[in-house]
Each structure stands twice: as structure tokens, then as C-alpha cells.
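Below is one structure, written out as C-alpha cells, with a few remarks after it.
Since we're looking at a predicted model, the values are computed, not measured. All residue numbers refer to positions in the sequence shown, counting from 1.
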Amino acid sequence: MAEAADARIPPLSLIFGYGPVLVLPIAALAAWAKVPLALLIGQIWGAAILIFLAGVARGLSFFTPGGPHVSQMLTMILRFSLGLLALVAGPSTGFALLLIGYASIALTDPWLARWGGAPRHFARLRPPQMLVALVGLAALFWLSLG
């Protein structure tokens, strides 16, 4: 993977990285404005993206020299499980699970990128990308309590 060796963030990673997570703060704004179903849409969207990111973790493991590492498989299982549980949980529990899942991405993906388990640019992309998601999810969580 040539791009795995490059720490620059490709334009498509910016577009497809930030675009989907921007939905979460937008959903929070909509929920704050009392738009019907905004909380539900935020919960479903957040879970769908987390489950998608579980697939990304699994897909990256196919390119790991020597085969998948245990950490990659555990990352995939954690993301998938949290996303799936967030789909069926009530709103406050669902958003709490999503907060855990997205926070874990902000912590684990830069580490994975540094040892070669993910593209190098993930070390720079994931923390601010997940911050956008976490702000939206925290607001949605707060709004789900009231």
C-alpha cells in the first residue's frame, strides 16, 4: 500500500472522513431545534458509521505483513459490537456506547498507523475527525437525557 507509507492526508480521506462525521453535530443541532426524529437519525447514523469503521479495521488487516494482528481483530470486534448494541439500545445508552466507540478510534487508530496496521495518515486524520464526531455525540447524549 503506497499510501500507507505516506503521512499526508489524501483529499478523498478528508472528504469521506469528515463528511460522514459532520452529520452527527448537524443531527445534534436538529435535535436541539426539536426537529422530529433527529435523535433517532443521529443514533442510527452514528452506529452505522461505527459499524462501517469496524469493516475498515478488518479490511486493513488483510494488508498487514504477516497477517492480521490480534489488536486489529479486537479493534474490529469492539467497534462492531458497540455499533450493533447502539442500534438496539435506548437513546442515552446508545449514545454512551457510541461515545466509547468513537473515543477508542481517536486513541487506537493513530497507534495502529504508527506501527503499520493502518495508513500513516490515520495518525493525523483520526484524532480531529473523531473530535468532530465526539462533539456531536456528546451533544446528542446530553439532549437524549432531557
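Atoms CD1 and CG, on Ile9 and Leu125 in that order, are 5.0 Å from each other to the nearest 0.5 Å. Distance CZ/Arg114 to CZ/Arg120: 11.0 Å, rounded to 0.5 Å. Atom CD1 of Ile105 is separated from atom CD1 of Ile100 by 12.5 Å, given to the nearest 0.5 angstrom. Distance CG/Leu98 to CG/Leu87: 8.0 Å, rounded to 0.5 Å.
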Please output the side-chain donor-acceptor pairs of residues 27-55 that fall under 3.5 Å, not counting sequence neighbours, one pair per line with the distance.
residue	atom	partner	partner atom	Å
Gln43	NE2	Ala86	O	2.7
Gln43	NE2	Ala89	O	2.9
Trp45	NE1	Pro20	O	2.8

Review item, side-chain donor-acceptor pairs of residues 131-146, under 3.5 Å, at least two apart:
residue	atom	partner	partner atom	Å
Ser144	OG	Phe141	O	2.6

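One hydrophobic cluster holds both Tyr102 and Val23 under the rule that ILVMFWY side chains link at heavy-atom gaps under 4.5 Å. Criterion: ILVMFWY side-chain heavy atoms under 4.5 Å apart, direct or through other members. Under it, Leu99 and Leu84 are not part of a common hydrophobic cluster. If you chain together hydrophobic residues whose side chains sit under 4.5 Å apart, Leu78 and Leu85 fall into the same group. A continuous path of ILVMFWY side-chain contacts below 4.5 Å connects Leu24 to Leu14, so both sit in one hydrophobic cluster. Residues Met76 and Leu97 fall into different hydrophobic clusters, defined by Ile, Leu, Val, Met, Phe, Trp and Tyr side chains chained together at heavy-atom separations under 4.5 Å.
Among residue pairs with one or both ends in residues 13-28, those qualifying as side chain to side chain donor-acceptor pair (under 3.5 Å) are Ser13-His121; sequence neighbours excluded. Screening residues 129-139 for side chain to side chain donor-acceptor pair (under 3.5 Å), with sequence neighbours left out, gives Arg126-Gln129. Every pair passing side chain to side chain donor-acceptor pair (under 3.5 Å) that includes a residue from residues 77-92 is listed here, sequence neighbours excluded: Arg79-Thr108, Arg79-Asp109.
Trp111 forms part of a hydrophobic cluster together with Leu112, Trp115, judged by ILVMFWY side-chain heavy-atom separations under 4.5 Å.
What you find for Pro127 and Ala123 is that their closest heavy atoms are CD-O, 3.4 Å. Of all the heavy atoms in Arg8 and Arg124, the pair that sits closest is CA-NH1, 4.0 Å.
Two residues are said to be in side-chain contact when any heavy atoms from C-beta on lie closer than 4.5 Å; Met130 and Ser104 fail this criterion.
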